[in-house]
J.: 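Attaching a single structure in structure tokens format; questions to follow.
Below, each value reflects all heavy atoms present in this structure, side chains not excepted, and no hydrogens, waters or symmetry copies. Keep in mind it's a predicted model, so treat the numbers as computed, not measured.
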Amino acid sequence: MLSLLAASGATDPIYWQDLGLKPYLFEIGSFQLRYYSLAYLFGILLAYWQLTKMIKSPGSPMAQRHVDDLFFYCTLGVIFGGRLGYAAFYTGGDTGKPSLFTHFTPGEAVSWDLLRLWDGGMSFHGGVIGVLLAITWVSWRGGLNWLRICDYVSVNVPLAYMLGRFANFINGELWGRASDVPWAMVFPGGGDIARHPSQLYQAGLEGLLLGLLVIGLFWKTRARYRPGLLVGIFTIGMGIGRFVNEFFREPDAQLAQFTQETGLSMGQWLSLPMIAVGVAVLAYALVRQPIGTGRSSSPNPA
């Protein structure tokens, strides 16, 4: 997509509205089927299909019933974790934005801002915490190996994440910092300033490339037999990708001063412990002996 944008050869910046994009597929009355909702839906379905295929390969640590439970609870983890994480990390305190935990919008049918998901505001790092809690619950209840379940789930996250970032681009939101690169773009609400289409950078680096890496490792190597290897690589890759891309992404308006004062954005500060945890898990995986290769190694065979 960036190649197509750059190929225009125009000296003037590209205007997002000239691309003919709109945030919804269709609308009926006041109802809109938004691409952001479709990204969540197709991301979940893609991950479900892939994980169902993965557990049919030798060495699976779970059965189909566990996959079904995982996707129910992980979906809740993404939604509630992402929303609560955004409220905790990006609102209230010194952010200059009222805390979603305490702010209400008078005169609305749903007045508590924390529940108004359609107004935007989801934290990736909060979603990660929510998914980890979901995996912990399903693993404990089913007597499964928690680390191996994390391995299998992590392989499915990047491509679903990619769809979400494409939806951000289609929505014309979460744009990047000012830039004069040939594919720089003027986004609605961002002033008459050409900016990096950082949503596409994130879709490509943290989504497509990382997804191809962990999927390739699962299917083409014996990485699945080293508990923690895949989730360690995923965590490091996602943390580094987010840290690098934050240099091109415009910080949230309420955290612009925080970024100036600390030198790093909130997303970068949250990515540092993520990278550290990933390195620790990867080291743990590499120093331990691989497990057996048969289905008999699974405590809950299908």
Side-chain angles (χ1 to χ4, degrees), residues 1-3 35-57 59-62 67 70-71 74-75 77-78 81-82 122-132 134-135 147-170 174 197-246 248-249 267 270-271 274-275 277-279 281-282 285:
M1 185 174 289
L2 288 177
S3 299
Y35 285 109
Y36 198 67
S37 300
L38 290 174
Y40 269 85
L41 176 61
F42 283 110
I44 291 170
L45 292 177
L46 175 62
Y48 182 85
W49 172 81
Q50 171 80 353
L51 186 54
T52 297
K53 184 179 178 182
M54 289 167 63
I55 66 168
K56 295 177 181 177
S57 62
S60 172
M62 60 183 137
V67 174
L70 272 172
F71 274 88
C74 284
T75 298
V78 168
M122 297 287 281
S123 164
F124 167 76
H125 297 91
V128 168
I129 294 172
V131 169
L132 288 176
I135 294 174
L147 195 54
R148 296 203 68 214
I149 302 303
C150 288
D151 280 333
Y152 275 62
V153 171
S154 67
V155 172
N156 297 279
V157 173
L159 295 186
Y161 177 88
M162 176 187 71
L163 295 178
R165 289 310 180 196
F166 278 140
N168 290 143
F169 178 77
I170 293 173
L174 301 183
S198 56
Q199 317 95 321
L200 300 181
Y201 301 172
Q202 292 189 276
L205 183 57
E206 301 159 51
L208 181 61
L209 291 181
L210 181 58
L212 293 177
L213 173 62
V214 291
I215 290 173
L217 287 173
F218 181 89
W219 290 109
K220 300 299 184 181
T221 74
R222 295 179 58 82
R224 77 186 79 159
Y225 298 115
R226 286 188 175 273
L229 181 63
L230 290 169
V231 71
I233 292 173
F234 161 79
T235 306
I236 294 170
M238 186 63 75
I240 292 176
R242 180 65 182 268
F243 189 90
V244 170
N245 276 321
E246 283 287 319
F248 302 98
R249 176 176 166 176
L270 294 174
S271 294
M274 190 175 181
I275 296 171
V277 170
V279 170
V281 173
L282 180 60

J.: Between V67 and I55, which heavy-atom pair has the shortest distance, and what is it?
T.: CG2-CD1, 3.7 Å

J.: Which pair of non-hydrogen atoms, one from G59 and one from Y225, has the smallest distance, and what is that distance?
T.: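 Distance-wise, the nearest heavy atoms are CA-CE2, 3.9 Å.
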
J.: Is there a side-chain contact between L217 and I233, using heavy atoms and a 4.5 Å cut-off?
T.: yes

J.: Excluding sequence neighbours, so at least two apart, what forms side-chain contact (heavy atoms from CB on, under 4.5 Å) with A285?
T.: L229

J.: Kindly indicate whether the side chain of V155, heavy atoms from C-beta on, has any atom under 4.5 Å from the side chain of F234.
T.: no

J.: Atom CD1 of I44 and atom CZ of F71: how far apart are they, to the nearest 0.5 Å?
T.: 8.5 Å

J.: Pairing donors with acceptors under 3.5 angstrom, does anything connect the side chains of R165 and N168?
T.: yes

J.: Return yes if a side-chain donor-acceptor contact under 3.5 Å exists between Y201 and E206, otherwise no.
T.: no

J.: Any non-hydrogen side-chain atom of Q50 less than 4.5 Å from a side-chain atom of I215?
T.: yes

J.: Let me confirm one number: the CG-CG distance from L38 to L163, rounded to the nearest 0.5 Å.
T.: 10.0 Å

J.: Rounded to the nearest 0.5 Å, how far does CH2 of W219 lie from CE of M54?
T.: 7.0 Å

J.: Write down the atom of C150, the atom of L132, and the distance for their closest heavy-atom approach.
T.: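 That closest heavy-atom pairing would be SG-CD2, 4.2 Å.
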
J.: If every non-hydrogen atom of S198 is compared with every non-hydrogen atom of F248, which pair is closest and at what distance?
T.: CB-O, 3.9 Å

J.: For residues V231 and D151, report the shortest heavy-atom separation together with the two atoms involved.
T.: N-OD1, 2.9 Å

J.: I need the minimum non-hydrogen distance between L205 and L209, along with the two atoms involved.
T.: O-CB, 3.8 Å

J.: When rounded to the nearest 0.5 angstrom, what is the spacing between CE in M162 and CG in L210?
T.: 11.5 Å

J.: Under 4.5 Å between any side-chain heavy atoms of Q202 and F124, yes or no?
T.: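 Heavy-atom side-chain distance check fails, nothing below 4.5 Å.
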
J.: Judged by modelled atom types alone, do R148 and S60 share a side-chain donor-acceptor pair under 3.5 Å?
T.: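 Side-chain D/A pair, R148 to S60: absent.
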
J.: Does any part of the side chain of L147, heavy atoms only, come nearer than 4.5 Å to the side chain of V281, both counted from C-beta?
T.: yes

J.: Find the distance between OH (Y48) and CG (L70) and round it off to the nearest 0.5 Å.
T.: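 Separation between the atoms: 10.5 Å.
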
J.: Rounded to the nearest 0.5 Å, what's the gap from CD1 on I240 to OG on S271? Could you check?
T.: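 Spacing of CD1 (I240) from OG (S271) equals 10.0 Å.
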
J.: Counting only heavy atoms not in F42, do more than 12 fall under 6.0 Å of its CZ?
T.: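 Result for CZ/F42: open.
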
J.: Evaluate F218 against Y152 for ring-ring contact (aromatic ring centres under 6.0 Å, His included), listing each step before the verdict.
T.: CA-CA 9 Å; F218 181 89; Y152 275 62; 5.2 Å; yes

J.: By side-chain contact (heavy atoms from CB on, under 4.5 Å), which residues pair with V131, not counting sequence neighbours?
T.: C74, V78, I135, V153

